[in-house]
Every structure is written in C-alpha cells, then in structure tokens.
Amino acid sequence: RSPSAADRMTESMERSTERLLRDLRMPDVRVRERGFPGELDESELETVKRFRAELSARDPVYGEIVRSFSDVEGEAYALCRWLRARKFDVD
C-alpha cells in the first residue's frame, strides 16, 4: 500500500521541522551574536517553533513575506531575523 497524500504531507513537515531545528542549533554559517541560529537559548528556540506554527496558521502571504529572502539566507535565518526585530515576541 502506498502512503496517502496526508501521510506524505505529515512526513514532509516532520523532515522540514527536523531540518529547521538542526539549522537553528548548528547552522552552516555561524554569526556569533545573540538571536542568530546557533546562538539561541531554549526559550528563543521555542519562540521560533511557535512563530513558524503561527505562520502556517495565518494567511500564506505572511509566510511569503517572512521567507522572502530564504533562498539566500535559509528558513532558520529568515525566522530569526523577523524575531530579532521583534525582540522574540510573537504576540
């Protein structure tokens, strides 16, 4: 039996989340300043995950705006850039 579309979507999101968490903890390029991937405390990591979930729940245009430079900087840096500008306050 082949996986359903929902199963494939779930699997894809899980891989995407795993990749994001890896990039947040051990980025390829490291900027040694607070609020950048590789320099986040546990509270900031949780905030990044919450922010990403919020983007998924909102109108897709919000995610497009936040990730507008992700081709160049990657999702981890894009999410952190927005959160640094807002002092890691999602609300």
Side-chain angles (χ1 to χ4, degrees):
R1 169 180 166 242
S2 64
S4 69
D7 290 340
R8 286 192 307 273
M9 173 77 84
T10 299
E11 187 177 305
S12 175
M13 290 185 70
E14 287 172 357
R15 280 194 314 271
S16 175
T17 299
E18 289 171 11
R19 185 174 43 250
L20 174 66
L21 292 176
R22 185 193 66 231
D23 290 347
L24 287 167
R25 289 189 173 105
M26 298 179 306
D28 293 335
V29 176
R30 192 150 186 169
V31 177
R32 299 219 178 257
E33 290 184 36
R34 295 277 317 137
F36 281 84
E39 301 296 324
L40 303 174
D41 62 28
E42 286 303 313
S43 172
E44 291 166 335
L45 279 170
E46 288 303 314
T47 301
V48 172
K49 290 192 289 187
R50 193 168 133 225
F51 182 53
R52 186 179 193 222
E54 282 283 326
L55 289 175
S56 296
R58 291 185 178 197
D59 185 321
V61 76
Y62 290 108
E64 290 172 18
I65 292 168
V66 171
R67 294 178 181 97
S68 62
F69 295 111
S70 64
D71 289 347
V72 177
E73 65 187 358
E75 184 181 24
Y77 279 91
L79 295 173
C80 286
R81 177 174 41 83
W82 277 76
L83 288 169
R84 281 192 316 275
R86 287 150 187 82
K87 298 183 183 3
F88 280 82
D89 183 5
V90 175
D91 302 320

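Numbering of residues begins at 1 and proceeds along the displayed sequence. FYI, side chains are in, hydrogens and waters are out, and symmetry mates aren't considered; it's all heavy atoms of this structure.
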Heavy-atom check, side chain of Tyr77 versus side chain of Pro27, under 4.5 Å: yes
Hydrophobic cluster membership, Leu55 vs Val61, 4.5 Å side-chain cutoff: yes
Within-4.5 Å side-chain heavy-atom neighbours: Pro37 and Val48: no
All pairs passing salt bridge (charged side-chain N to carboxylate O under 4.0 Å, His left out) where residues 80-90 contributes a residue, at least two apart: Glu73-Arg81
Inter- and intrachain pairs under salt bridge (charged side-chain N to carboxylate O under 4.0 Å, His left out), touching residues 48-67, at least two apart: Glu46-Lys49, Arg50-Asp91, Arg52-Glu75, Glu54-Arg58, Arg67-Glu75
Val66-Phe36 co-clustered via ILVMFWY side chain contacts under 4.5 Å: no
Inter- and intrachain pairs under salt bridge (charged side-chain N to carboxylate O under 4.0 Å, His left out), touching residues 34-43, at least two apart: Arg30-Glu39, Arg32-Glu39, Arg34-Asp41, Arg34-Glu44
same_hphob_cluster(Ile65, Leu83) at 4.5 Å side-chain heavy-atom cutoff: yes
Nearest-0.5 Å distance, OH of residue Tyr62 to CZ of residue Phe51: 11.0 Å
Minimum heavy-atom distance Leu40-Cys80, with the two atoms named: CD1-SG, 3.8 Å
Heavy-atom side-chain contact between Leu24 and Leu79 under 4.5 Å: no
Single-linkage hydrophobic cluster Trp82~Leu21, side-chain heavy atoms < 4.5 angstrom: yes
Pairwise distance CZ(Arg22) to OG1(Thr17) - rounded to 0.5 angstrom: 12.0 Å
